[in-house]
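Before any comments, here is the structure.
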Amino acid sequence: MAADPLTALPPDLREAVDRYLDERLEEKVRELVRRQFEDDPAANSCRIIASKGTLDWAYPPFILASTAAALGMDTAVFFTFYGLNLLKKDPKLVVDPIGNPAMPMPMPNIITVLPGMRDAATWMMGGMFKKHGVASVLELREMCVESGVRLIACQMTFDVMGFKQEEMMDGLEYAGAAAFMTEAARSHTTLFI
Amino acid sequence: MAADPLTALPPDLREAVDRYLDERLEEKVRELVRRQFEDDPAANSCRIIASKGTLDWAYPPFILASTAAALGMDTAVFFTFYGLNLLKKDPKLVVDPIGNPAMPMPMPNIITVLPGMRDAATWMMGGMFKKHGVASVLELREMCVESGVRLIACQMTFDVMGFKQEEMMDGLEYAGAAAFMTEAARSHTTLFI
Amino acid sequence: MAADPLTALPPDLREAVDRYLDERLEEKVRELVRRQFEDDPAANSCRIIASKGTLDWAYPPFILASTAAALGMDTAVFFTFYGLNLLKKDPKLVVDPIGNPAMPMPMPNIITVLPGMRDAATWMMGGMFKKHGVASVLELREMCVESGVRLIACQMTFDVMGFKQEEMMDGLEYAGAAAFMTEAARSHTTLFI
């Protein structure tokens, strides 16, 4: 054995190593993989697409993203289409009762089309959240920023829909769908809101 | 070698064992890990958020959740915002034709705002599903319960939107977004409906 | 050792080999598993559900699916409910300004219900995308087909909503929710649009 260490393991030792591998490897790998699954970086990564721009649909992305960040997850939200409204400095979000018969106080549409009903519904929804001590959309957005959630504006729809950079909040990233989807591919939690 | 068995392998033997491990290990581990990926617990877990409360948007969460459970997946649905309507004992779900030009029979909005059109659209949609032998929303919900899907009401929006526990179906869990997102992080299939 | 090569290694050598294997194996396997996680097939698979059938909600599934395919991901879109409209040969997609106060130019609903406003909004949205050099929905759909995205029609809602096979584009698959959810379970990126 010592005579030719560089060529090969002697057959008897080789057999012993083989037996060892057969016996022990499966158990060891299973344990290591189990641990690695627990540390799977995809389980620690959350990617959300926010595509809607009304008051009611502003809550879910900011609530879910700030929650994920509070849990220690690497979190980013990609704002596209109407969702870009949520990134304005002063977004003036409204909720429309029309065509939404699942609202807490549904009304016939012949009423909901009347001028003033949109303002009334917006005022009512804001009040409901406030009354129950829930942060406002702007406060939730600030909580996202403070807890390290990356807010990403979709460059393409930003241009198409005629947004101006000066009307947007500070600290945004601008990126395309390809960059975002590359990150989503490494995330278990992927939500289109 | 035999002189000091407890301290270390002699260098030449060590080198031979190393070379042998390099050869055999990669192939064996690759196969073991491949098998383990097939048992990836995240591939067996489905988490759905149901946020809408109309008849048309009631079908997708119950159909997808009961399907996932039938496939043997660990499945839970988190009902939040308007989606809480779907958990009422007697939900009276409607569909609104207004602002929905993709409905099977789209109508001009000047017609869809008229009183009675919401009832007509609701009646029509329910009939279409029944005619094709699809279970009703309440039947689909019951299938979810029977197949072990956990139905979770979002505690925060439950309070904000003024739901009462006595008007809700039995067997619900109540939880917050943090508990739900923790489970979603361990699931490949995560859908916001 | 050489005296009985087939039965076992001498105890002292065996112990040394064991200890050495324990030390080296963990590090080697950890590295191999880490590399295999980077090749996690779920990170290379994208499954999208397209459930809406208006012009504005036609862009996201086709843009995200063609982007995923361009990144080399195995990609499929399951069209269900109103989303089946997007698979018609000649889909005539429209966007409705009503109940959508987040549109680039929101209007009071008392105006948006007027005949002609739906056509105006549709014309405006198509123009905005065209002006910025974005492909049309039909071009994006063609890009999906050319880049290997599988387009799957939900058989159940196809039947329920009364679609006819002859009005649909060529090259579609028809499948149920169970087949689709089985594939989604093997995908990190799962989106309900």
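Letters go in sequence order (proteins before strands), and every chain restarts at 1. What you see is a predicted model, and the numbers here were worked out from it, not measured in a lab.
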Nearest heavy-atom neighbours spanning [X] and [Y]:
X        : Y       : result
B:Ala153 : B:Leu87 : CB-CD1, 4.0 Å
A:Leu86  : A:Lys52 : CD1-O, 3.6 Å
B:Ala178 : A:Thr67 : CA-CG2, 3.3 Å
A:Asn44  : A:Gly72 : OD1-O, 3.5 Å
B:Thr122 : B:Leu55 : O-CD2, 3.9 Å

Legend entry - Options B:Pro41, B:Gly53, B:Ser51, ranked by heavy-atom pairs under 4.5 Å with chain A, top entry: B:Ser51
Inset, instruction - For the residue pair B:Phe163 and B:Phe158, categorise the inter-ring angle as parallel (less than 30°), tilted (30 to 60°) or perpendicular (more than 60°). - result: parallel
Inset, instruction - Classify the ring geometry between B:Phe81 and A:Tyr59 as parallel (under 30°), tilted (30 to 60°) or perpendicular (over 60°). - result: tilted
Inset, instruction - Count the heavy-atom pairs under 4.5 Å between each of A:Ala70, A:Pro60, A:Gly133 and chain B, then report the option with the highest count. - result: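 That would be A:Pro60.
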Legend entry - Atom group of A:Asp56 that falls short of 4.5 Å from chain B, counting heavy atoms: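 Both parts, backbone and side chain.
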Inset, instruction - Please flag which part of A:Leu64 lies under 4.5 Å from any non-hydrogen atom of chain B: side chain, backbone, both or neither. - result: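 Contact with chain B: backbone and side chain both.
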Inset, instruction - Can you check whether anything in residues 180-193 of chain B gets within less than 4.5 Å of chain A, heavy-atom wise, and list it by number? - result: B:Met181, B:Thr182, B:Ala184, B:Ala185, B:Arg186, B:Ser187, B:His188, B:Thr190, B:Leu191, B:Phe192
Legend entry - Structural part of B:Ile49 lying under 4.5 Å from a heavy atom of chain A: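 Side chain only.
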Legend entry - Contact origin within B:Asp159 toward chain A - heavy atom pairs under 4.5 Å: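 Both parts, backbone and side chain.
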Legend entry - Salt-bridge contact A:Lys88-A:Asp90 (side-chain N to carboxylate O under 4.0 Å): no
Legend entry - salt bridge (Lys or Arg N to Asp or Glu O under 4.0 Å) evaluation trace for A:Lys89 with A:Glu167: CA-CA 6 Å; A:Lys89 261 187 203 119; A:Glu167 65 183 341; over 6 Å; no
